[in-house]
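Here is the structure we will look at.
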Number of protein chains: 2
Amino acid sequence: MTLLEQLQLELAGLSKSERKVGEMILASPEATLHKSIAMLAKEADVSEPTVNRFCRTMGAKGYPDFKLQLAQSIARGTPYVNRHVEQNDSTQGLVEKIIESTMASLNITRASLDIAAMEKTIEALTRSHRISFFGLGASASVAHDAHNKFLRFATPVQFSDDVLMQKMAAINATKNDVMVFVSHTGRTKALCEVAAIARQSGATVIGITSTESPLAEECSLVLATHVPEDTDVYMPMASRIAQLVLVDVLVTGFTLKQGPELQEKLRLIKATLRDSRYEKRT
Amino acid sequence: MTLLEQLQLELAGLSKSERKVGEMILASPEATLHKSIAMLAKEADVSEPTVNRFCRTMGAKGYPDFKLQLAQSIARGTPYVNRHVEQNDSTQGLVEKIIESTMASLNITRASLDIAAMEKTIEALTRSHRISFFGLGASASVAHDAHNKFLRFATPVQFSDDVLMQKMAAINATKNDVMVFVSHTGRTKALCEVAAIARQSGATVIGITSTESPLAEECSLVLATHVPEDTDVYMPMASRIAQLVLVDVLVTGFTLKQGPELQEKLRLIKATLRDSRYEKRT
DNA sequence: TGGTATTTTGTAATTAAATTACATTTTATT
DNA sequence: AATAAAATGTAATTTAATTACAAAATACCA
């Protein structure tokens with residue numbers, strides 16, 4: 001947990017004056033970094049020792065130490081909510097904001113990921129005789145990506161972003177099949193139906209989606225990516241990245257499970273592909 | 001660029017004593033945070049004002065200010081090199097490492113991105129009468145993703161991961177076309193050929209690829225993502241993420257250029273899509 | 001409700017830290 | 001080898017942070 005989150009949480013439990021200090025800091029964390037203890041005290045309308053006591057309450061050794069922790073906390077995740085893109089942002093600002101919120105969502109994913117489910121998924125993929133990746137609309141590209149990555153192994157893989165094809169595949173699935181469904185919201189009716197069919201066929205159904213969604217309920221294993229997002233105007237972008245990273249982890253885990261003999265094979269594939277490339281002049 | 005990288009760079013240009021200070025800090029950046037100017041001076045075997053001058057040389061207002069910047073710099077990117085995945089990593093470790101290196105590559109992208117090229121690309125897309133996204137193999141999913149995102153606008157969009165289709169499209173392109181080519185290495189022969197054709201047809205050719213690649217030379221604009229990667233065994237994963245973020249920036253910039261009337265339309269699309277979803281129970 | 005105990009807050013004094021001004025040393029240059 | 005310029009250090013000064021203690025506010029109990 002970051003310092004700011006912790007502060008937000010403990011705010012209610014603080015004494016009146018210390019709370020004033022806390023609110024002041026939460027109001028503009030970055031500005032606080034450039035304030036001396038005297039300035040902050042004056043602005044929060046409390047005495048300097050109060051600020052000092054506040055810092056100690058928050059677990060810091062003193063005011064300078066608190067500022068250091070604050071600086072790190074700010075630098076790490078996105079301060080609060082995602083900084084929103086605004087109409088008259090510069091391109092530079094756009095880049096900063098988008099990258100920042102992407103990184104924030106990665107942080108959330110890291111913190112909230114269910115490792116056990118991840119391990120079981122890798123297990124299941126390893127045992128599987130055939131792997132399928134399904135997604136619709138925006139999530140299709142994640143499934144597509146996963147498909148590409150798994151193409152390099154011996155296990156047959158398929159991918160589809162077409163509901164009818166997906167249904168047929170689901171109907172024909174057996175208990176040796178692993179079917180991975182990608183959906184940001186987990187509320188796309190068509191995809192849920194396919195997942196239900198897959199489950200009835202006895203396949204291992206895995207969801208890369210948000211928890212507590214209809215899709216999640218059809219799944220034996222859920223890899224959750226509950227990234228809050230302003231779904232109003234801009235599309236779910238950060239969450240896509242989180243999904244892709246999960247796919248990366250799956251592939252990597254899968255690769256490692258195969259042991260060294262496979263890695264030799266991977267090198268072979270690389271070498272083969274090299275022929276279709278222009279050499280790098282050194 | 002982070003403070004530590006900058007320090008590494010400027011180290012040679014510093015005077016003897018200031019360099020001692022710099023080396024001391026590079027040796028253990030985190031430890032420095034808990035040192036007073038006196039302690040640091042003593043350990044580096046210089047006087048206190050030298051440390052102070054060092055801080056000013058590095059662009060800080062003074063020692064405390066320098067420490068704050070240092071704290072942020074440490075908190076941000078992955079400390080130094082990418083940590084590599086190893087055979088007997090735990091799943092937890094896998095997740096950590098992959099997310100960390102992804103974040104590191106995002107940081108690099110942020111720092112090295114050519115903002116001017118980005119702006120020109122957004123301009124070009126805005127003026128364009130038709131937009132195409134092409135990629136092969138692993139990069140196809142990025143192109144696919146871009147296609148999805150641009151589908152929401154009035155400008156016609158197309159996507160292909162098939163060389164023949166791409167060639168046909170390239171032949172039929174006009175100067176009102178913008179064609180975006182995605183390729184990690186920029187060395188896939190087939191894609192370079194298509195880009196060459198597109199250029200001959202008069203289209204604006206844009207590359208999301210690495211600089212100094214054959215593909216880049218065919219492009220009017222290059223959005224570079226030179227992410228170093230151990231291409232040996234594991235696939236280029238982090239770079240994919242960087243490419244996707246670039247696409248995100250493009251879409252967002254494009255959206256903002258459209259002005260408010262479009263945002264209304266986007267809401268409409270959202271509302272329409274909602275019918276194909278299960279409602280969220282509140 | 002009034003009085004006491006406890007907690008909270010502020011004032012003033014103290015200590016610690018950082019900065020500045022200036023002197024000295026070192027290094028480069030002719 | 002002498003001088004100018006740069007680099008570094010010493011000591012004084014200023015600024016910031018902390019501590020000790022007193023005053024005010026709040027809670028508690030008869």
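Just so it is clear: chains get the letters A, B, ... in the order the sequence lines come, proteins before strands, and each one is counted from 1.
One interatomic measurement links the two molecules: CG of B:Leu40 to C1' of C:dA18, which rounds to 13 Å at whole-angstrom precision. Taking atom CD of B:Glu48 as the reference point, atom P of C:dA17 lies 10 Å away to the nearest angstrom. The interatomic distance linking A:Lys20 (NZ) with C:dT8 (P) rounds to 15 Å, in whole Å. Rounded to whole Å, atom C1' of C:dT15 lies 14 Å from atom CD1 of A:Ile37. In this structure, CG of A:Asn52 is placed 14 Å from P of C:dA16, rounded to the nearest angstrom.
When heavy atoms are screened at a 4.0 angstrom cut-off, B:Val51 is found touching no nucleic acid atom at all. Note on B:Arg56: only backbone sugar-phosphate atoms sit closer than 4.0 angstrom, heavy atoms only; bases stay farther off.
Counting only distance, with no hydrogens or angles, the side chain of A:Thr209 and the backbone of A:Ser183 share a donor-acceptor pair below 3.5 Å.
The stretch residues 57-69 of chain A touches DNA chain D through A:Gly62, A:Tyr63, A:Pro64, each having a heavy atom under 4.0 angstrom from the strand.
Regarding contacts with the backbone of C:dG10, a side-chain N or O of A:Thr50 is found under 4.0 angstrom from either OP1 or OP2.
Interface limits on DNA chain D: the 5'-most and 3'-most nucleotides within less than 4.0 Å of chain A heavy atoms are D:dA17 to D:dT26.
The two residues B:Leu113 and B:Ala224 make their nearest non-hydrogen contact at CD1-O, 4.4 Å.
Not less than 6.0 angstrom separates the ring centroid of B:Phe54 from the ring centroid of B:Tyr63.
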